[in-house]
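Okay, so here's the structure we're looking at.
Here the structure is a predicted model, which means the values were calculated and not measured. Atom set for the values below is all heavy atoms of this structure, side chains included, hydrogens, waters and symmetry mates excluded.
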Amino acid sequence: AKAPFDLRPLVKPLAADLARGAKVYKANCVRCHNADPNLKGNLGPEQVDAPFEVVVSKIMTGKYPDPLPPGFQPKRKTKAMTPLKNLKNDIPYIYAWIQSVKKKKK
């Protein structure tokens, strides 16, 4: 099922875009997720490997998209997340910041 809203990741995020994403993430996501998206949080998993459509679905509905994106495996058995619909317009910025701090696998 396609999301009922049209959101796309930023293609070439600017420094200001990344700063916005970092600020929103730190203000809203660190309650459950780690301040470093590469690490597990107290309730939520690490964020760096979540595809954009998973981030959109979790923030907007609290649920994983159905079907899951090919190759994506949820990191935790619990699927509960409080929807944060007020962050809709910030999702591309949050995602861009998370990807900008992703540690490259060796």
Side-chain angles (χ1 to χ4, degrees):
K2 185 131 173 51
F5 39 84
D6 186 20
L7 282 172
R8 293 190 177 96
L10 302 175
V11 178
K12 290 186 178 177
L14 304 171
D17 299 330
L18 298 177
R20 175 178 169 180
K23 182 178 175 186
V24 174
Y25 181 91
K26 289 171 182 167
N28 296 277
C29 307
V30 295
R31 282 184 208 103
C32 300
H33 297 282
N34 199 299
D36 178 348
N38 291 282
L39 304 172
K40 291 180 178 130
N42 61 336
L43 294 173
E46 59 274 28
Q47 296 299 294
V48 294
D49 294 323
F52 185 72
E53 57 267 38
V54 169
V55 175
V56 171
S57 186
K58 291 293 277 185
I59 289 174
M60 294 303 294
T61 70
K63 298 179 172 75
Y64 286 106
D66 184 21
L68 288 170
F72 176 74
Q73 213 44 40
K75 302 245 186 327
R76 300 214 171 157
K77 302 229 180 300
T78 58
K79 295 178 172 54
M81 181 173 147
T82 304
L84 299 167
K85 293 180 182 174
N86 60 311
L87 300 183
K88 178 181 177 184
N89 294 332
D90 292 306
I91 294 171
Y93 302 95
I94 296 167
Y95 182 78
W97 178 74
I98 289 170
Q99 294 308 304
S100 78
V101 298
K102 182 174 183 172
K103 290 186 172 60
K104 307 290 183 244
K105 299 231 175 7
K106 291 180 172 131

Take D49 and K102, measure what salt bridge (charged side-chain N to carboxylate O under 4.0 Å, His left out) needs, and give me the verdict at the end. CA-CA 8 Å; D49 294 323; K102 182 174 183 172; 3.2 Å; yes

With rounding to the nearest 0.5 Å, note down the distance linking [atom1] in [X] to [atom2] in [Y].
{"X": "M60", "Y": "N86", "atom1": "CE", "atom2": "CG", "answer": "9.0 Å"}
{"X": "C29", "Y": "M81", "atom1": "SG", "atom2": "CE", "answer": "6.5 Å"}
{"X": "L84", "Y": "T61", "atom1": "CG", "atom2": "OG1", "answer": "10.5 Å"}

Look at the side chain of R76 and the backbone N and O of L43, then say whether any donor-acceptor pair between them is shorter than 3.5 Å.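 Flag set: sc R76 to bb L43 pair under 3.5 Å.
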
Is it the case that the side chain of N38 and the backbone of V101 share a donor-acceptor pair, with hydrogens and angles ignored and the cut-off at 3.5 Å?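 Looks like yes, one N/O pair under 3.5 Å.
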
Minimum heavy-atom distance between P65 and S57, given as atom pair plus value: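 Taking P65 first and S57 second, the nearest heavy atoms are N-OG, 3.4 Å.
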
Heavy-atom pair of closest approach, residues P37 and E46: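 So the two residues come closest at O-CB, 3.4 Å.
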
Under 4.5 Å between any side-chain heavy atoms of [X] and [Y], yes or no?
{"X": "P74", "Y": "L68", "value": "yes"}
{"X": "K88", "Y": "L7", "value": "yes"}
{"X": "I94", "Y": "I59", "value": "yes"}

Give every donor-acceptor pair under 3.5 Å between a side-chain atom in residues 19-26 and any protein atom, sequence neighbours left out.
residue, atom, partner, partner atom, Å
R20, NE, D90, OD1, 2.8
R20, NH1, Y93, OH, 3.4
R20, NH2, N89, O, 3.3
R20, NH2, D90, OD1, 2.8
Y25, OH, N34, O, 2.7

Mind checking what makes side-chain contact (heavy atoms from CB on, under 4.5 Å) contact with P9, not counting sequence neighbours?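 Residues passing side-chain contact (heavy atoms from CB on, under 4.5 Å) with P9: F52, Y95.
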
